[in-house]
Every structure is written in C-alpha cells, then in structure tokens.
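Naming: A, B, ... by sequence-line order, numbering from 1 per chain. This one's a predicted model, so the numbers in the text were calculated from it and none came from an experiment.
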Amino acid sequence: MTQLLDLSLLNTKQSIQDQTDVLVAYVAEAWTALQTQQPLVQCITNSVAANYAANVLLAAGASPAMIDNPFEAESFTRISAALSINLGTPTSEQLQAMQISAQTAQQQNIPWVLDPVGYGPFLKWRSEMVDQLLAFQPTVIRGNASEISTLAGKQIETKGVDSTASSADVYHQAKTLLAQAKVIAISGESDYILSKQLDAVIQVNGGSHLQPKITATGCALGALIAAYSAVTNPVIAALSAHVHFAIAGQLAYARSQSTGSFNVAFMDHIHQMKAETIYEYADIQLIRTSA
Amino acid sequence: MTQLLDLSLLNTKQSIQDQTDVLVAYVAEAWTALQTQQPLVQCITNSVAANYAANVLLAAGASPAMIDNPFEAESFTRISAALSINLGTPTSEQLQAMQISAQTAQQQNIPWVLDPVGYGPFLKWRSEMVDQLLAFQPTVIRGNASEISTLAGKQIETKGVDSTASSADVYHQAKTLLAQAKVIAISGESDYILSKQLDAVIQVNGGSHLQPKITATGCALGALIAAYSAVTNPVIAALSAHVHFAIAGQLAYARSQSTGSFNVAFMDHIHQMKAETIYEYADIQLIRTSA
Amino acid sequence: MTQLLDLSLLNTKQSIQDQTDVLVAYVAEAWTALQTQQPLVQCITNSVAANYAANVLLAAGASPAMIDNPFEAESFTRISAALSINLGTPTSEQLQAMQISAQTAQQQNIPWVLDPVGYGPFLKWRSEMVDQLLAFQPTVIRGNASEISTLAGKQIETKGVDSTASSADVYHQAKTLLAQAKVIAISGESDYILSKQLDAVIQVNGGSHLQPKITATGCALGALIAAYSAVTNPVIAALSAHVHFAIAGQLAYARSQSTGSFNVAFMDHIHQMKAETIYEYADIQLIRTSA
C-alpha cells in the first residue's frame, strides 16, 4: 500500500472532511499492513519502558527486539524493519548502541524514531547525545510538548520528564524541526503531527487523561510509530500510532478509571484494534498552516 | 502544613487514642499535599522496580523521574523535591550516580531515602556502598527486618533479598540507626517507624500477606516515602507512605486473592486513595519506648 | 522426594499411559516441594524480563533474587539453590556476572539453566558468550525452536528474538545438545523435553497462542525451570515448569482473549496452581525415540 499512498491528495481543493476521511482510511490500511507484515522493530529504550513497550508492540501486531548493546547494534539494525531510540534512562553502553544503530539505519534507509526524553538544560548528557543523533536524520522525532519545544530552541520550564507545556501551544515552534526529520509528532491532551509533505498540521483527539499517569506510555508510543513506519510512509506511521493509542485510551477509560485496571484495559484495546474500530473512533482534524 | 506540624504534641500526656488521631490527621494532610504539589522525585532504583515504582508514584500523585546516570545526577538532584536510592540491582554507573545524588541532596537539604536492598554478608559490594552512603545522612532508611537488623549490626540469616526476620523483633535494635538517619522504617507483617522526634515507635497494621508475593513492592514503598518527604516532615512522610500502602493492600486483598489481579487492584487502590479512606482505614498504634 | 525419583521406571515395558501418569505424579510432587522449600533462585536476566520473571517465581512459590553484577556473583551463587542465566539484553557487567555465576554453579553442583535468547548470526556477541558458558555445563538449556536449532548447528532464518521454526521440527536436531547439558527444553506450540536419562522425548501440550504475544514469557519459563531444578531432578524440573506454564496459559485463555487481561489471568493461574490442577489438566505425551 505504501506505493499507493498519495499525500498530495490532501493538498488539493478537497473539503477538509474528505481529506480527513482519506487519512482515516490510510490509518486503517496501515493497521492492516502491520498485522500482515509483523515487522521486526529494534528498540533501544529505557529500563522503565522495556517491558511495557515490548508488550505494546506485540499487542499491536509488531515483533519487538530490545537489542541495546553496541556490540550487536550494527548487525541487528541491518536486519530490522525499523528502529526506535529512546533516551529515558541511558547508560554509556546504550548511548554507543544508539549512535551505531542510528547511523546504520540512515545508511540502510531503515526508518527510525527519536524520542528525546527529558531533553533540556537539567539533563545535558542525553541532550548532547540527542543533538548528535540528529545528524543521522531521524525519520520521526516524537516527544511531549516540553521536549519538542526545548528541542526547537525555546527555553521552557520542565519538570523532570513530564511535560509542563501544552501541545497546542508548541506545534508552531516545532516547524523548525522539520529541517531535522521528516515528521514531528507531539503528544499531549491533543496530539499534533507535522510533515514536510503536508501544508497542514494533523491534530489527533481522543485518549484519556489517565495515559500520562501510566509510566512509559510515551516511550511505547515512540516504539509504535517505529513499527508503523516499517509498513507505511512516515506521516501516516506517526498518525496511525497516535490514533491507535488515542482510541485504545478512550475505550480503556470507558472500562476503568483507576490506573491499575486502566493500564490492563489499555493493553487489551491496543490488542483488540480492528480496521472498523479505527473507522468508528478515529478523531482527526486538519489545521491549515499555509499562508 | 509542614510548618504547622508539631510532633511534640505526641509526647505530651494526651491519651494514646488522641495521639493516634493526630497522626492519622497528619497523614490525611500529607496525602492532600502530595496531590496538590505533585513533587518531582528522582529515583535511582533497580531494573525490577523501575516501571513499578514509577507507576506507584504516578498513581499516588507524585511525578517520578528515574534519572540514574552519574553524568546528570548532580544537576537533576538539584531540581528534584526528593530523592530515592535503592540498591536492588546496582550497576557501576548507578553506584556513581547514587554517591553524587546523595551528596547533592545532603548539601541542598533535599530529603532522601535509602533502601539498602539485600544488605548483608553475601552481597558485600552494595553493602559497602550503603555504608558509604550513610555518610550523606539519609533522611529515612527503610528496609525489611533482615536488612535493618543487619544494618544495625546484628548478624542475621538472610535469604536473598527477602526477609527472614520479623519486623516486631527488630525494631528495638533499629534504634541505634537513628544516629545515621532521622527516621527508620521497617516493613513486615506490621510496619514500625522510629524517629528521634518521638519517644514512641509507630506501628502500622493492615496490608496483605500477598504484598511480599509481588516483587518490588518494598522498593516502591521507599520511593513513596521519598515522595511524601517532599511535602511533610520525615516521620509523617514515612508513616504516610506505609499507611497508603497498608490501606491499598487491605482493600486490594478484599478484591482479589491471586497475585496478578491483586497487583492490579493494589495499583487501583493506591490511585483511589482519598483523605476519607485514610480516616476510615488507617490502623496505627503508638508503642511507648521511653523508660 | 528427589531420592525417590526413579526415571528408569519410564524406560521399562510399562504402557505409555502408565508412564505419563508417573510423570504427572512427579510434576505434582515437584510443585508441592516448590511450595515447601521456596528455594532461593538467582536470576541474571534482561531488562524486559526482570520484573516479570520475579513475579512469576514468587507466584509459583520460589524466592527470586535478580543479582546480576560481577562483584557479588560468586558469593551469591554459592548461597542460591539454583541459577537462571538469560541472554536477552546483556550488558558487559552482566556478561561477567554470567561467567562467574555459571562457573560457581558448576563447581558447587548448583543446578543452572541457560536461555540463549537470540542465539544466531545477527547477535554474535551474546552467541559467543553462550558458546563460552556451555563449558560450565548447564543443567538445562531452554529456548525456542529457532534458538535451539541454531545452537545445534543448523542455520535457520531467525527474526529477532522470536522463533520462526516449529518446535516439532527441531527436537530431533536438539539431541546433539545433550552432550552439553543434561536436559534440553524447547518451547513452541507444543513443548519438547529431551534428556539423557530417557529414551523418549516428552511432549507438553496446552498453553495458549497468546503466550508469545506477552513479552518475556519464555524468559520467565527459564527462571521457573531453575526454580524447579532446586527441588527435583533436571528432567522433572523442566517438565514441571512447562506443565505449570501450559496449564496456566490454558486456564488464562479461558478467562481472557486480550493480551492485557490474559497476562493478569496468567499470573493468577501461575499462583493458583494446585496438585489437583496438575492432575486434572496436565497434557503430556511420550514419544519413543530409540531405534
């Protein structure tokens, strides 16, 4: 289906409604492709997210492998369909692996996602590594509003690794990052996806306010973007992962309002996703940004 | 509320019942303060506990960040409201981070909790590190009966990282540790909290015998003490975390008696806690220890 | 009971049915011994499995300790009843710990299980370590069909760390590995257990197709084999762990068909196991392999 995908359709004089319908159809196709292809996704991630992200990828249909040492990074990235790099709790060995795998991915045209967890002035070691990793041209950069805003050069007050900024406030700033990556994805109360291919920003609604109360949901989202980027183009990949999460979060919250049970229900709905569920629940808006 | 807290009240001639009522009120206030302030808590913890402790802190109302590398330890501890150090599965890099963060916490008057997991003769590397960390004067030392007893200089037969001693038997020995920390908290069938500020030991009842069948509950308890110590004084912080856990454990056990479901219910009840729940279920006793 | 166990019984002219009945009785006895003895099991495992494997061991009745640093490896292995080594996401420090602990286990006659996660041409660093660890004569080697087949010298197309081969196809090849270990256990749609003590292969049926959709179930199975090997002989240990998992998987699937809830139910049924459950649900076949 990647060949058939023509995003230029979205830039025509179609009505906004027609265009969001096209996007939802692309998401449903991407989900189907994920089930069929079950791509191998290498994740270099943090100790908090390792188990959770692997379970999310398995539930969503992908095949995760958390290979994060520098000695096997190159050979393993070469056979992977996509790569996810997350800076949550890096070790020295992991940072080496990140550099090797990112470089390999760039050379081999393997899509890769960069999640600059905690990027900012109080976490300089990882932030400098993020700056270096940008040289290997990530396919998608995804983060919360604080991280993306700081990465785009705006000084912002951060609080640990959670966002203190609103995603709606920062997507304008994030445009400058399109010089570094094909797609920028910002998670928050609503999510925003920016791409050079579009003269619009895609807003994804849904989800639940409990998602930020579950640790590593953002990290798992980055890994899921990587999984989708193995089966479709980057902007649809980012969109599909965000829609997948938004629907699962919304349905999970309908089943449970406490974090323990919500988390179980969330994983269930990641796993129970169907093309029809996407058509029924996907809540996407296009925001025109061109002059 | 920290200013209003007057523990000398507890040392007057009030009846024991009045005094435990005061303590429960302090716990309820601390819980409310945790919700309001959502303090940033740095955790240097083990690979088993990382995800679980983060989810417990989020469910309880705090904002966890598992920053455990030596290169960012100082700058991050400086902006944290509290610090939790856990010796479960240390790496060389983590041990360096522990030293830097503990020292920074001491210098900056940031409360910090030391959880000497596995302290004893068969795990000398970490035990020596614990001995060194004591120089930075932890605010609270928390552990199971075996760990606390061994730390207090009593040779005890330990079995891995689980306790073989009874918490009720060791709280007398633990008094000597008050030279090293403001508060000592011992978990077990009942929990015991010792402080220089009190001429009594506080006993916390409740919980469930299934809690020790869930890995990392003790580690998460240490992190929660740190979170509470950001919003109240150390003895009420330790007490609040133990009461929070005891109530959640008791209510979870009423809902499920198998470890998988119990664990989900436990997280739910950590999250569902309210001031009224604390007033209704807190089971605290004061044991006079002065001559 | 270990003294009473006489596997030569299985090699007599008894009917196959009588022999599988004997095996089921041995499994029920092993489960009972696990509850009584609660053996201390050292696990050197990966970041994805650490929490999950510990919870599985606790739910099953054992006492896990994830001691994975080289500085405490020798002293801790000496006091452990069994050792589990898993190559999922190794670090340099963990590889050192693995060598020390495996050597100590061999010298001290402590049973140990080797799980060569991802063994194959794309993950050479760990594969070379596995080759070195074989010198310390693991009691049990357990893996999925791809790993065991590659370890037995057959080049196979692998996909990350998940199996692309069928367990039924590879158990013949696995016989050569009996030169390296007392027991070989292969997990898959059906599981196969080979031992020098038997002139048959034991096939274990049951489980659920959702188990491979939960990350680290294989890793936890390896840890559980180690736990059982502390209380019975190696072939019954491997069999007991596989039967324990197969029954829990089957009963969990009857309760839930989505991965989040299934995972909770699976842990519940690991914990709820009883001797009677084993007698009722164990599904074992003996496949004669002698000429």
Side-chain donor-acceptor pairs of residues 93-101 of chain B under 3.5 Å, sequence neighbours excluded:
{"from": "B:Glu93", "atom 1": "OE1", "to": "A:Ser92", "atom 2": "N", "distance (Å)": "3.3"}
{"from": "B:Glu93", "atom 1": "OE2", "to": "A:Ser92", "atom 2": "N", "distance (Å)": "3.4"}
{"from": "B:Glu93", "atom 1": "OE2", "to": "A:Ser92", "atom 2": "OG", "distance (Å)": "2.3"}
{"from": "B:Gln94", "atom 1": "OE1", "to": "B:Thr91", "atom 2": "N", "distance (Å)": "3.3"}
{"from": "B:Gln94", "atom 1": "NE2", "to": "B:Thr45", "atom 2": "O", "distance (Å)": "2.9"}
{"from": "B:Gln94", "atom 1": "NE2", "to": "B:Asp68", "atom 2": "OD2", "distance (Å)": "2.9"}
{"from": "B:Gln99", "atom 1": "NE2", "to": "B:Gln132", "atom 2": "OE1", "distance (Å)": "2.9"}
{"from": "B:Ser101", "atom 1": "OG", "to": "B:Gln42", "atom 2": "NE2", "distance (Å)": "3.3"}
{"from": "B:Ser101", "atom 1": "OG", "to": "B:Thr77", "atom 2": "OG1", "distance (Å)": "2.8"}
{"from": "B:Ser101", "atom 1": "OG", "to": "B:Ala97", "atom 2": "O", "distance (Å)": "3.3"}

field: Under 4.5 Å from any heavy atom of chain C - which part of B:Lys213
entry: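 Both the backbone and the side chain of B:Lys213 come within 4.5 Å of chain C.
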message: Taking ring pair (Phe, Tyr, Trp, His ring centres under 6.0 Å) as the cut-off, I'd like each qualifying pair that reaches into residues 85-117 of chain C, sequence neighbours left out, listed once.
response: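 Passing the test, one end in residues 85-117 of chain C: no pairs.
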message: Going by the rule salt bridge (Lys or Arg N to Asp or Glu O under 4.0 Å), which residues pair with C:Glu72 if we only count those two or more places apart in sequence or in a different chain?
response: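 Applying salt bridge (Lys or Arg N to Asp or Glu O under 4.0 Å) to C:Glu72 gives B:Arg126.
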When rounded to the nearest 0.5 angstrom, what distance separates [atom1] in [X] from [atom2] in [Y]?
X        : Y        : atom1 : atom2 : answer
B:Tyr52  : C:Asn51  : OH    : CG    : 8.5 Å
B:Trp125 : C:Ser75  : CH2   : OG    : 12.0 Å
C:Phe71  : B:Glu128 : CZ    : CD    : 11.5 Å

message: Taking 4.5 Å as the heavy-atom cut-off, does anything in residues 252-266 of chain B contact chain C, and if so which residues?
response: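 When heavy atoms of chain C are the reference, residues 252-266 of chain B contributes B:Gln257, B:Ser258, B:Thr259, B:Gly260, B:Ser261, B:Asn263, B:Val264 within the under-4.5 Å range.
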query: Run the side chain to side chain contact (heavy atoms under 4.5 Å, CB included) check on C:Leu58 and B:Ile214 step by step: do they pass?
result: CA-CA 7 Å; C:Leu58 285 167; B:Ile214 310 294; 5.9 Å; no
task: Please step through side chain to side chain contact (heavy atoms under 4.5 Å, CB included) for the pair C:Ile67 and B:Thr89, ending with a clear verdict.
output: CA-CA 6 Å; C:Ile67 307 300; B:Thr89 60; 5.9 Å; no
Count the heavy atoms belonging to other residues, nucleotides or ligands that lie under 6.0 Å from [atom1] of [X], then report whether that count exceeds 12.
X        : atom1 : result
C:Gln35  : CD    : yes
C:Gln108 : CD    : yes
C:Phe136 : CZ    : yes

task: Could you walk me through whether B:Thr215 and C:Met66 pass side chain to side chain contact (heavy atoms under 4.5 Å, CB included), step by step?
output: CA-CA 11 Å; B:Thr215 198; C:Met66 298 0 227; over 6 Å; no
